[in-house]
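Have a look at the structure below, then the notes.
Computed over heavy atoms, backbone and side chain alike; hydrogens, waters and symmetry mates excluded.
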Amino acid sequence: MIPLPHSFQKLNDLQRAPKFGLMKFFIFIPIFFSLLTGCGKLVYLSQLGWHQGYITFHSLPIQEILEDGELDDKTKEKIHFIQEVKWYGEERLGLQRTENYSRYFKTQSPLLYVLTVAEKDRLHLYQWDFPILGKVTYKSFFTREGVLKERAFFEKRGYDTFVQEVEAYSTLGWLKDPIFSSMLQWDEVILTNLILHEMAHTTLYFKDQTDINEQIATFIGNQGSINFLAEKYGRESPQVVKAIHLQEDELLFSQWIEKTCQALSDLYMRRISRAEKLIAREKVFQSLKEEFKVIRNQFITDCYKGFEDLEINNAVLLAYRRYLHGLEYLYRLYEHSG
């Protein structure tokens, strides 16, 4: 999940983060690889495989969708637009050529639920170990029931957790990723960012390096969308202005996240008991939320609207930091290299 800028709202006991949720998760699920894992992983990977197989089997060719008389013109335009972005990513940015987005799948509910788990007394994410992918710091589920069960498992063992809804993901080129109907709710700016972000994952993947993978994809999505929209609509167009503002807001938010994590790290390193740390951190969380209410007025867009309503914990902060840490260095490198 993400990231690309996020839009948050409460969804019962889940936190909704449509990534544009601007959140992404990679899934590669040949069932035979599950034989390399324990029983628990076998069941989990088999469930993912069944759901992914259903999506693949029920995806329709884009041409068939475009010829559907019941599909409105706006939706057809979005589908054509995605093809333009894909062409730009492959031909101008050098991203991996694939047959992704050549099919369409209509979603009836949130596409994925993604779980992030962190320790309570230090800023350390729990890692799941998967065949091929290696260690990954979040875990995806196609069902709400599945993610809530996993969340409860970790909360009973004293971990912080954070659940997000995700509107897109990449299979890293192993399968043909379709256009999900949920993706078409976004405007051109967010949709461009989303497509280029996912294409970056298909192009480049470092095993055991979730944060680096997400940060590179976030940078490519952000800067690539600005470049594409400038070419298509002009540098002064509303689309480019919005893309730049989203990028600026993300960098501002990343600065707040870094400051926040540093304050918590200082607390967790103190020579006090774990119980004392857990009590003290609640005061830090409250002060951070008050501080965020002040800086939110500096945001130009509403991409972080509602963040202050979240119940902040280590998992929430690290889920965001996963996408944002060190972005300013990638932008500096980009500017320096031309």
Side-chain angles (χ1 to χ4, degrees), residues 1-5 19-26 62 77-103 167-180 183-184 186-206 209-251 254 303 322-338:
M1 226 179 284
I2 133 117
L4 303 171
K19 175 76 169 59
F20 123 149
L22 286 175
M23 290 300 307
K24 288 69 24 9
F25 187 66
F26 325 123
I62 289 300
E77 289 174 7
K78 286 278 185 73
I79 292 174
H80 283 300
F81 182 80
I82 288 174
Q83 305 309 311
E84 288 185 60
V85 176
K86 180 176 182 292
W87 180 91
Y88 182 86
E90 293 175 351
E91 301 300 326
R92 301 298 297 276
L93 301 185
L95 299 178
Q96 182 69 37
R97 289 184 174 84
T98 68
E99 293 185 47
N100 289 346
Y101 312 125
S102 60
R103 301 182 69 83
E167 304 295 349
Y169 65 87
S170 169
T171 58
L172 303 182
W174 293 99
L175 300 172
K176 297 178 184 178
D177 297 333
I179 295 173
F180 294 103
M183 296 162 60
L184 303 181
W186 307 114
D187 63 26
E188 291 178 322
V189 178
I190 295 175
L191 188 55
T192 301
N193 199 318
L194 172 66
I195 295 299
L196 294 178
H197 183 113
E198 299 304 343
M199 291 179 67
H201 284 316
T202 300
T203 304
L204 188 66
Y205 180 80
F206 294 105
Q209 300 294 331
T210 306
D211 287 11
I212 291 176
N213 291 324
E214 292 297 350
Q215 289 150 17
I216 290 175
T218 296
F219 166 75
I220 290 175
N222 287 350
Q223 190 61 52
S225 62
I226 292 173
N227 294 352
F228 168 78
L229 294 167
E231 242 185 64
K232 184 174 177 63
Y233 297 111
R235 176 60 68 171
E236 306 302 321
S237 65
Q239 292 90 339
V240 172
V241 171
K242 179 178 180 179
I244 292 174
H245 285 166
L246 287 171
Q247 182 186 66
E248 292 171 346
D249 283 355
E250 190 166 80
L251 286 171
S254 71
C303 60
R322 172 194 293 135
Y323 294 88
L324 302 174
H325 179 63
L327 276 186
E328 67 274 15
Y329 300 112
L330 291 174
Y331 290 121
R332 289 178 191 174
L333 177 61
Y334 174 78
E335 293 297 332
H336 177 74
S337 65

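No salt bridge links Glu214 with Arg322; every basic N to acidic carboxylate O contact stays at or beyond 4.0 Å. A salt bridge between Lys242 and Asp187 is present, with a side-chain N of the basic residue lying under 4.0 Å from a carboxylate O of the acidic one. Between Lys86 and Glu90, at least one side-chain N (NZ, or NE/NH1/NH2) sits under 4.0 Å from a carboxylate O, which counts as a salt bridge.
Side chains of Ile79 and Tyr101 form no contact here, defined as non-hydrogen atoms less than 4.5 Å apart. Taking the side chain as every heavy atom from C-beta outward, Met199 and Asn100 never approach each other to under 4.5 Å.
Remark: the Asn227 side chain and the Glu231 side chain contain no N/O donor-acceptor pair separated by less than 3.5 Å. Using modelled atom types and a 3.5 Å distance limit, the side chains of Tyr233 and Glu188 yield a donor-acceptor pair. No side-chain donor from either of Thr202 and Thr98 sits under 3.5 Å from a side-chain acceptor of the other.
Taken to the nearest 0.5 Å, the CD1 atom of Ile244 stands 12.0 Å off from the CD atom of Gln239. The OG1 atom of Thr218 sits 6.0 Å away from atom CG of Leu327, with the distance rounded to the nearest 0.5 Å. Taking OH of Tyr323 as the reference point, atom CG of Asn213 lies at 10.5 Å (rounded to 0.5 Å).
Between the Asn222 side chain and the Gln247 main chain, no donor and acceptor come within less than 3.5 Å of each other.
Note on ring orientation: taking the six-membered ring where Trp is involved, the planes of Tyr88 and Phe228 are perpendicular (angle over 60°, cut-offs 30° and 60°). Ring geometry, Tyr169 versus Phe180: the interplanar angle falls from 30° to 60°, so the pair is classed tilted.
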